[in-house]
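Since the structure comes first, as structure tokens, the remarks are kept for the end.
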Amino acid sequence: MDFLSALCLEDLTASFSKLPVYPVFDVAYYIISILYLKYEPGAVNLSRRSPVASWLCAMLYCFGSYILADVLLGDSPIHYFSNNANILLASAVWYLMFFCPLNLFYKCVSFLPVKLIFVAMKEVVRVRKIAIGIHHAHHHYHHGWVVMVLIGWVKGSGVALMSNLEQLLRGVWKPETNEILHMSFPTKASLYGAILFTLQQSHWLPISKANLIFFFTLFMASCKIFMTATHSHGSPFAPLEAFICPFLFGNPNGDHDDHGDHHHHHDDHDVSHSVAKSKEDLNEGTRKRKVKKAE
């Protein structure tokens with residue numbers, strides 16, 4: 001029975017890893033990506049004022065990970081735009097999202113039960129892109145672990161990592177919103193997933209790629225569905241990070257406290273010096289008055 005269960009699980013994971021993402025899952029990816037673009041302040045007005053800029057932003061949301069990965073690997077950043085079918089699909093989704101009469105398309109895809117389905121389907125594409133990115137980087141750099149992790153991470157969250165460039169296209173400059181400084185859950189999860197897939201590709205992780213794709217997709221989809229349904233912006237990694245990071249990297253407020261203590265002691269020294277100087281001036285003034293009176 002256990003053997004049959006294991007055999008069924010192996011068949012399931014193998015079939016899932018071979019499941020084609022084009023066109024159904026890709027369309028879901030484009031819908032959620034451009035839906036998040038429409039949530040950005042000023043995005044609707046931009047689509048009316050400058051449709052070209054709005055379209056370019058939508059393309060970055062849909063294909064930013066491919067563009068950034070190509071740049072890092074020394075390929076042409078516009079290489080993916082030769083894929084006419086995907087560009088046309090993404091452009092159709094962009095047009096319907098912003099210009100559909102009565103806003104019907106937006107209302108349908110933003111309806112929570114429908115949106116949750118698309119969110120889960122987007123995570124299927126994200127994990128597949130991480131795995132493909134690791135395989136692609138391994139083909140170029142067989143022993144370049146850092147390169148493989150970097151390309152897998154970019155493939156999974158390149159859109160977020162290019163957020164400042166996308167903001168510039170919308171006429172917004174917010175360097176404090178840099179994704180590397182303030183990582184969201186998908187960005188962190190893509191990084192951790194890239195590490196896992198790199199270890200698997202290098203045969204340091206005793207699990208098949210099909211199983212890793214299946215279980216990591218299940219984890220990502222479950223987390224994103226829960227976070228979207230509850231409108232949560234927290235990270236499932238936060239408790240673990242709060243426990244481990246102080247041991248590995250120290251308390252982030254430690255330097256600030258030491259700096260504050262240094263200033264506090266310095267201020268105390270200045271106050272003591274000022275008081276001593278005041279007493280000295282007072283004594284000097286009293287001595288001068290006494291000398292003048294004696295004279």
Side-chain angles (χ1 to χ4, degrees), residues 13 16-18 21 25 29 33 60-77 79-80 122-166 177-224 227 234-250 252:
T13 57
F16 181 79
S17 65
K18 296 176 182 178
V21 296
F25 288 92
Y29 185 92
S33 297
L60 277 182
Y61 263 74
C62 294
F63 309 115
S65 57
Y66 297 102
I67 295 171
L68 188 54
D70 285 341
V71 170
L72 293 177
L73 290 174
D75 297 328
S76 172
H79 172 72
Y80 198 80
K122 180 180 179 179
E123 297 311 309
V124 173
V125 179
R126 187 196 305 276
V127 176
R128 201 68 62 85
K129 286 165 66 176
I130 294 173
I132 293 174
I134 299 296
H135 179 77
H136 190 193
H138 178 73
H139 180 72
H140 286 77
Y141 304 92
H142 294 289
H143 303 290
W145 285 23
V146 174
V147 177
M148 287 190 279
V149 170
L150 186 60
I151 298 301
W153 183 33
V154 164
K155 283 280 191 176
S157 59
V159 179
L161 296 173
M162 296 180 67
S163 59
N164 291 112
L165 175 59
E166 184 273 329
T177 61
N178 191 309
E179 183 68 18
I180 297 179
L181 295 177
H182 308 284
M183 289 190 189
S184 60
F185 166 71
T187 303
K188 286 184 179 180
S190 296
L191 176 59
Y192 298 150
I195 294 173
L196 291 177
F197 278 100
T198 298
L199 293 175
Q200 191 279 328
Q201 184 73 44
S202 304
H203 306 291
W204 281 85
L205 193 64
I207 186 174
S208 67
K209 180 178 289 188
N211 286 344
L212 185 56
I213 289 175
F214 178 80
F215 288 113
F216 194 69
T217 302
L218 189 63
F219 166 75
M220 290 292 295
S222 301
C223 290
K224 284 296 292 182
M227 294 171 68
S235 171
F237 303 122
L240 184 61
E241 290 172 349
F243 177 75
I244 294 177
C245 289
F247 292 101
L248 296 179
F249 308 111

Do other residues, nucleotides or ligands put more than 12 heavy atoms under 6.0 Å from H182 NE2?
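Enclosed: over 12 neighbouring heavy atoms sit under 6.0 Å from NE2 of H182.
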
Can you confirm whether the side chains of S235 and K188 place a donor and an acceptor under 3.5 Å from each other?
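The criterion, which ignores hydrogens and geometry beyond distance, is not satisfied for K188 and S235.
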
Side chains of E179 and S163, donor plus acceptor under 3.5 Å
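No, because no side-chain N or O of E179 sits under 3.5 Å from a partner of the opposite role on S163.
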
Short question: side chain of H140, backbone of H136 - any donor-acceptor pair under 3.5 Å?
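Yes, the answer is positive, given that a donor and an acceptor are paired below the 3.5 Å cut-off.
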
Side-chain (W153) to main-chain (T187) donor-acceptor, under 3.5 angstrom
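Flag set: sc W153 to bb T187 pair under 3.5 Å.
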
How many angstroms lie between atom OG of S33 and atom CZ of F63, to the nearest 0.5 angstrom?
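If we round to the nearest 0.5 Å, S33:OG and F63:CZ are 9.0 Å apart.
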
Considering only heavy atoms from C-beta outward, does the side chain of M227 approach that of P236 to under 4.5 Å?
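Yes, close enough: below the 4.5 Å cut-off.
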
Contact between K224 and K122 at the side-chain level, heavy atoms closer than 4.5 Å - yes or no?
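Answer no - side chains too far apart.
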
Could you give me the CA-CA distance, side-chain angles and deciding distance for L161 and I180, then say whether side chain to side chain contact (heavy atoms under 4.5 Å, CB included) is met?
CA-CA 7 Å; L161 296 173; I180 297 179; 3.9 Å; yes

Determine whether F197 and L205 satisfy the following criterion, side chain to side chain contact (heavy atoms under 4.5 Å, CB included), listing intermediate values before the conclusion.
CA-CA 8 Å; F197 278 100; L205 193 64; over 6 Å; no

Given N178 and N164, is the side chain to side chain contact (heavy atoms under 4.5 Å, CB included) satisfied, shown in steps?
CA-CA 7 Å; N178 191 309; N164 291 112; 3.9 Å; yes

Run H79 and Y66 through side chain to side chain contact (heavy atoms under 4.5 Å, CB included) and show every step you take.
CA-CA 9 Å; H79 172 72; Y66 297 102; over 6 Å; no

